Amino acid sequence: MSACVHTRPHHLPQPHSPPPAPHRRFRIAGADLSASIAVFLIALPLSLGIALATGAPLQAGLVAAAVGGLVAGRLGGSPLQVSGPAAGLTVVTADLIHRYGWRTTCAITVLAGLAQLGLGCLRVARTALAVSPAVVHGMLAGIGVTIAISQLHVVLGGTPQSEVIDNILALPAQLIGLHPAAVSMSALTLIVLLAWPRLPGRPGRLLRRIPAALVAVTGATVTASLAGLILPKVDLPSWGSHALAGLPDGPVLGLAAAVFTTTLVCSVQSLLGAVAVDKMVAARPGPEPRVGRSDLDRELLGQGAANIASGALGGLPVAGVAVRSSANVQSGAVSRNSTMLHGVFVVVAALLMVPVLDLIPLASLAALVMAVGIQMVSLHHIRTVTRHREVLVYAVTTLGVVFLGVLEGVALGVAVAVAVSMHRLTRTRITHEEKGGVHYVHVRGQLTFLAVPRLSRALHLAPQGAHAVVELDGSFMDHAAYESLQDWRTSHTAQGGTTELTGCRTGLRTSERTASAECHCRPWTPWRNHQCAMPSGGQGLRGGPSGDGASGHRTPDGTGLPNGETGARGGVGGGGAGVDTGSDSGPSTGPVPAASGPGPGTSPTLGPGTGSASGSDQGTHSGPSTGPDAGAGAGAGANPDARSSIGTNAADSLGGHELARGISAFQRNTAPLVRDELARLAREGQRPSQLFLTCADSRLVTSMITSSGPGDLFVVRNVGNLVPLPGEEKGDDSVAAAIEYAVDVLKVRSITVCGHSGCGAMQALLNSAPGDGQTPLGRWLRHGQPSLERMADDSRPWARLAGRPAADAAEQLCLTNVVQQLEHLHAHDSVARARANGSLELHGMYFHVGEAQAYLLGRAGGNEVFQHVPGTEELPSLA
């Protein structure tokens, strides 16, 4: 390494050194304290309301909230999930109290906690997630409907019945004899609950930090007290008379069913809530401390311990609660301390705030719980199950819970879900058609033994000696179907015919010219686990690290060609990146999705880059909804050793070469989907919205990581994503020419410089010596010396990643290099002019290949900080 390169080892973490010892044994972060207060203010009225809805003593809600915070918060496996009495358990608990009484209900809660401990020890927590989401959402919707109907009677000033049918039949009489004071307080509570989150302006943003539930209940309490309204209110008896758990009293089978139901609802809701909390934490922006992912088995153990403690102390069953968990995450909590502190605050309130709590009108709490029940019938979930054709499962589960009970409704839902899955498994559509002498057999759906007779009939419609193509559009094939297909193919080939099998996974292609197995993967569809081996003796078309024409498909170590992107591309030793054209299909619904990424807008086709150190990258996107995904690439690298054997005999080349196979797949599958759009781009010319300058590394697929299509990006790729200063390219003006053309001719609105992890050019810069400049690669890398000097300059703060330091000196140089190349861009006249008139923006980007995570450059406190770009997740309504 050159002596001028300083890597500031004292700033970088030492991977093998032990972490520094904490200065204090116990410390509460300010974010945890503020989050615990927010959660407490939500939990207090909700706990009282849920206890009221179940018919349990009101102290039972406070006991469950305190135990959920302290016990589940300390022992559970989800640090930020808040546990307590949940609306999803209201119907179950109310039924248990009605059947067995309160003391036996507490004993059932203890037994359910013991069952949860046993399940946690068996490490079966993940199994609970196998329940169909339609069943879970249907169960919650049914519980929500039951809660809303029962609490409507309290809102109107009456008393609810134990059964849903009885409550519905009693509504007309209740409407006739409604209580005006109770209705007015309930209406006030509902109005505040609806209006508070919608307060406008900056004052509204400040006021919305106070939970709407607390404001609604407080407003109703104050109004009722000032107006002197006479209506039922909270009546917390002395803690000395609080009833604890007793011995179970009832039929054994009934008690066992009650324990099973309580265990099921508590466990499923808590585990799904933990998974949802993980998604919310991952999507939370900002450089906040990392929160570990949930340990579901430990979460089950923590919930079991909490239920044992809550039942023994005379509290309601405990489960993870989405409303409080969501508030905890959104308030910025960073550890389990926030959950435990909220439990401490509940204990203090239960002991010291009894006179204040006794002023709360029961109608206000009933309105609050009724609103929660209505929210459990989520329109988002209904749209989701409809889109996935599971609305029947959802509806049956919901109606079963409402009219039969939770356990019966869930059992019905599971049965219908199994029946629907079996129906889909056996519903296979097999068609045959002939086009241009080629017989196509299209199999849509799962191929099982039940479909073998129809498959055999369709296959034998192809006459002897004909070319047959079997298209498998499904994800499963059993042994009987596989053997039938193989026997037919062997017989058809022996009689002089040719066959081709394509599908979502992999396929084999047999012809009269070759019987060897080949790599015939469908681009992008199986990309995640793509481990394809080329036949022995096969000639790849992509240049390897030294431009040796190594096989282009992905190898187990992660190198090689991403599925669907094929082509001859010069390696690093071959003199740089060539022209790379490819097609890839992404998760869009139309032929060309809108561009997303550092720059806005969409526009027509791309133009070629020129020069030995840069090229152009063209991609096409097609959505998978209208046909199989396919793609191909072709390129001409600078390495003369990378050969293509596509000659005069096109049929021979189609039988054995990656490039031709990819082109054939593109023409057959993707071209029909994008032909109209590409024809429009060809007519209108190219008007890309941004210039994207990135490294020639084969692992960077620009159209994929920016969700862009043809015409969106004008891409320049070179080794190290370098932008030489004007006049420094020594006779090769390819990068400067591309910048000038993009800014002055194409009028791009933004330029993005994108670096990436594991960059070989940056590692070569770190290892370079003063005399390393005699080869083309060495001469090119001299344009990266300013980045080395910038990193070695102690007077300049380092560019950094939000949330963590750079992993090593190479990653730090990658980040610094992006900032330095952005400065080089300012030195180009065309960029300076466009920046002066406000028509051009510059962006820095860093892509971590191993994490598939993009970071955008911004400023924080005068320093350059790469902020991660999150996905969007939402927390399911599991209140």
Side-chain angles (χ1 to χ4, degrees), residues 569-570 575-582 595 597-620 633-638 678 680-696 700 702-703 706 708-755 780 783 818 820-845:
R569 187 184 288 175
V579 179
D580 176 21
T581 64
T602 61
S603 51
T605 188
L606 306 170
T610 59
S612 62
S614 67
S616 71
D617 183 12
Q618 299 177 343
T620 66
L678 291 178
R680 181 186 68 81
L681 296 176
R683 290 191 306 270
E684 298 177 359
Q686 64 164 334
R687 291 191 298 273
S689 61
Q690 58 177 306
L691 166 62
F692 197 86
L693 197 151
T694 189
C695 185
L700 265 67
T702 56
S703 57
T706 60
S708 56
D712 295 336
L713 304 180
F714 185 76
V715 181
V716 174
R717 305 186 70 153
N718 63 54
V719 175
N721 49 274
L722 301 177
V723 182
L725 290 168
E728 294 292 329
E729 292 188 73
K730 307 297 183 184
D732 179 4
D733 293 326
S734 61
V735 177
I739 294 172
E740 180 182 347
Y741 184 73
V743 175
D744 291 343
V745 179
L746 300 178
K747 305 296 183 183
V748 298
R749 297 189 295 273
S750 69
I751 301 178
T752 300
V753 177
C754 177
W780 172 254
H783 299 303
V818 171
Q820 184 65 40
Q821 302 314 312
L822 287 172
E823 285 194 7
H824 288 182
L825 277 172
H826 287 85
H828 288 262
D829 293 338
S830 55
V831 174
R833 288 193 301 270
R835 291 275 292 168
N837 60 33
S839 62
L840 182 67
E841 295 179 350
L842 303 184
H843 302 284
M845 176 177 169

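Quick caveat: nothing in here was measured; it's all calculated off a predicted structure.
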Taking all heavy atoms of M845 and all of V818, pick out the closest pair and write down the distance.
O-CG2, 3.7 Å
For a 4.5 angstrom cut-off between non-hydrogen side-chain atoms, does V723 reach H828?
yes
Could you check whether any side-chain N or O of S703 sits under 3.5 Å from a backbone N or O of G709, counting only pairs where one atom can act as donor and the other as acceptor?
no
Smallest separation among heavy atoms of L746 and P688, with atom names
CD1-CG, 3.7 Å
Qualifying salt bridge (charged side-chain N to carboxylate O under 4.0 Å, His left out) pairs with a residue from residues 828-839, counting only residues at least two apart or across chains:
D744-R833
Shortest non-hydrogen contact from A827 toward P726:
O-CG, 3.4 Å
First locate atom CG of L693, then atom NE2 of H843, and finally report the distance between them rounded to the nearest 0.5 Å.
14.0 Å
If you look at every heavy atom in A696 and V719, which pair is closest and at what distance?
CB-N, 4.3 Å
Report yes if the side chains of I739 and L691 come closer than 4.5 Å at any heavy-atom pair, otherwise no.
yes
Indicate yes or no: at least one non-hydrogen side-chain atom of T702 is less than 4.5 angstrom from one of R717.
yes
Between atom CD of Q820 and atom CG of L825, what is the distance when rounded to the nearest 0.5 Å?
11.0 Å
Applying side chain to side chain donor-acceptor pair (under 3.5 Å) to E823 and not counting sequence neighbours gives R790
Measuring only between side-chain heavy atoms, which start at C-beta, is H826 closer than 4.5 Å to L842?
yes
For the residue pair P724 and W780, establish whether any side-chain heavy-atom pair is separated by less than 4.5 Å.
yes
What closest approach, in Å, do C695 and G720 show between heavy atoms, and which atom pair accounts for it?
SG-N, 3.4 Å
What pairs with A832 under side chain to side chain contact (heavy atoms under 4.5 Å, CB included), at least two apart in sequence or on another chain?
none
Looking only at heavy atoms, the pair that brings N721 and Q821 closest together is O-CG, 3.5 Å
